[in-house]
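Down below is the structure, laid out as structure tokens.
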Amino acid sequence: MANYHDIAADLRSKINHGFYEEEKKLPKQSELAADYQTSRVTIQKALNILQMEGIIYGKKGTGTFISDSYSTFDYNAKINRGLTKRLGETGKITSKIISFAILFPDEKEQEKLKIRSDQQIYDIVRLRLFDDVPVVLEYTIMPLHVIPGITEEVLSSSVYSYITNQLHSSIGTSVRRIKADRADTYDQQYLSCAATDPILEVEQTVYLGDGTPFEFSQSRHRYDMGDFIVVNN
């Protein structure tokens with residue numbers, strides 16, 4: 001397993017499953033290199049990813065430790081990874097389709113997706129669950145001519161995997177706005193929130209690798225399901 005992204009994913013999974021829970025300390029880089037049959041340089045690159053995500057931290061002359069504040073649901077806000085890619089390596093991600101329709105866009109949607117009023121969109125509401133626990137409620141629109149072939153079967157798994165594996169398009173940059181909000185009726189119904197519980201809403205426009213906007217969405221997160229982390233390089 002020489003790819004440092006794969007090594008980082010495997011280490012992340014082991015951390016989430018309590019593999020290093022007893023001392024909260026990772027093995028030495030030389031030991032990890034031997035375990036993964038790779039170089040220390042590759043191991044260092046993998047550890048750098050986990051450190052940027054806030055999962056681990058280093059103590060000079062002591063070693064590498066798991067952050068006490070780390071949660072499985074913590075999210076690096078600078079990285080475009082769908083929920084399946086982000087959490088699927090540590091548990092089972094499922095989707096419940098609440099509504100799915102094909103509509104014409106309003107003025108705001110036209111502006112966000114750079115489309116005309118006569119270009120149809122998918123209008124999608126999905127509940128995402130991690131090991132059957134509701135974690136996020138997603139409101140998503142996508143233009144049909146940019147992302148063709150979306151079906152309930154696709155929505156039941158990973159839309160981003162469909163885009164990369166079936167449409168052979170790459171996921172590019174995104175622009176996100178993160179804000180706090182009160183729990184609305186849908187949040188209370190689908191996320192098991194109380195009316196007084198706060199909600200973290202992420203509004204984003206996501207672009208393909210060629211710069212074409214393909215998604216405008218609002219995702220509603222339970223307040224107790226992890227933090228959003230921003231790493232400034």
| request: Any chance you could lay out the side-chain contact (heavy atoms from CB on, under 4.5 Å) test for I102 and Y122, step after step, and finish with the verdict? | output: CA-CA 5 Å; I102 294 176; Y122 304 105; 4.2 Å; yes
Do you reckon [X] sits in the same ILVMFWY cluster as [Y], going by side-chain contacts under 4.5 Å, direct or chained?
X	Y	answer
Y207	I141	no
M142	L103	no
I147	L113	no
F214	I121	no

| Pair D118-R116, salt bridge (Lys or Arg N to Asp or Glu O under 4.0 Å): steps then yes or no | CA-CA 5 Å; D118 62 343; R116 302 188 308 268; 3.0 Å; yes
| task | Quick one: do Q119 and V146 satisfy side-chain contact (heavy atoms from CB on, under 4.5 Å)? Show the steps, please. | result | CA-CA 10 Å; Q119 292 179 307; V146 177; over 6 Å; no
Once you round to the nearest 0.5 Å, how far does [atom1] of [X] lie from [atom2] of [Y]?
X	Y	atom1	atom2	value
I43	N48	CD1	CG	11.0 Å
F216	Q110	CZ	CD	12.5 Å
S170	L208	OG	CG	7.0 Å
Y190	D184	OH	CG	11.5 Å
I115	F104	CD1	CZ	10.5 Å
D35	S30	CG	OG	9.5 Å

Looking only at heavy atoms, what is the nearest atom pair of [X] and [Y], with distance?
X	Y	value
I97	S156	CD1-OG, 3.9 Å
T205	P213	CG2-CB, 4.2 Å
V202	R176	CG1-CD, 3.9 Å
H5	I49	ND1-CD1, 3.5 Å
D132	T94	OD1-OG1, 4.5 Å
S219	V136	CB-CG2, 3.7 Å

Tell me whether [X] contacts the main-chain N or O of [Y] through its side chain, where contact means a donor paired with an acceptor under 3.5 Å.
X	Y	result
E201	K179	no
K96	P134	no
R222	L191	yes

| For N165, does the CG atom have more than 12 heavy-atom neighbours from other residues, nucleotides or ligands under 6.0 Å away? | yes
| said: Can you tell me if F100 has over 12 outside heavy atoms packed within less than 6.0 Å of its CZ? | reply: yes
| task | Take V159 and R126 through the side-chain contact (heavy atoms from CB on, under 4.5 Å) test and state the conclusion after the steps. | result | CA-CA 11 Å; V159 175; R126 288 193 303 172; 4.0 Å; yes
| Any side-chain heavy atom of L11 sitting closer than 4.5 Å to one from Y36? | yes
| request: Verify salt bridge (Lys or Arg N to Asp or Glu O under 4.0 Å) between D181 and R220, making sure each step is shown before the conclusion. | output: CA-CA 9 Å; D181 199 4; R220 310 273 292 180; 2.8 Å; yes
| request: Please step through side-chain contact (heavy atoms from CB on, under 4.5 Å) for the pair Y162 and I150, ending with a clear verdict. | output: CA-CA 9 Å; Y162 170 77; I150 294 290; 3.9 Å; yes
| Polar side chain donor-acceptor pair, S217 to E215, under 3.5 angstrom | yes
| query | Which residue, H221, Q218, R128, forms the side chain to side chain contact (heavy atoms under 4.5 Å, CB included) with E138? | reply | R128
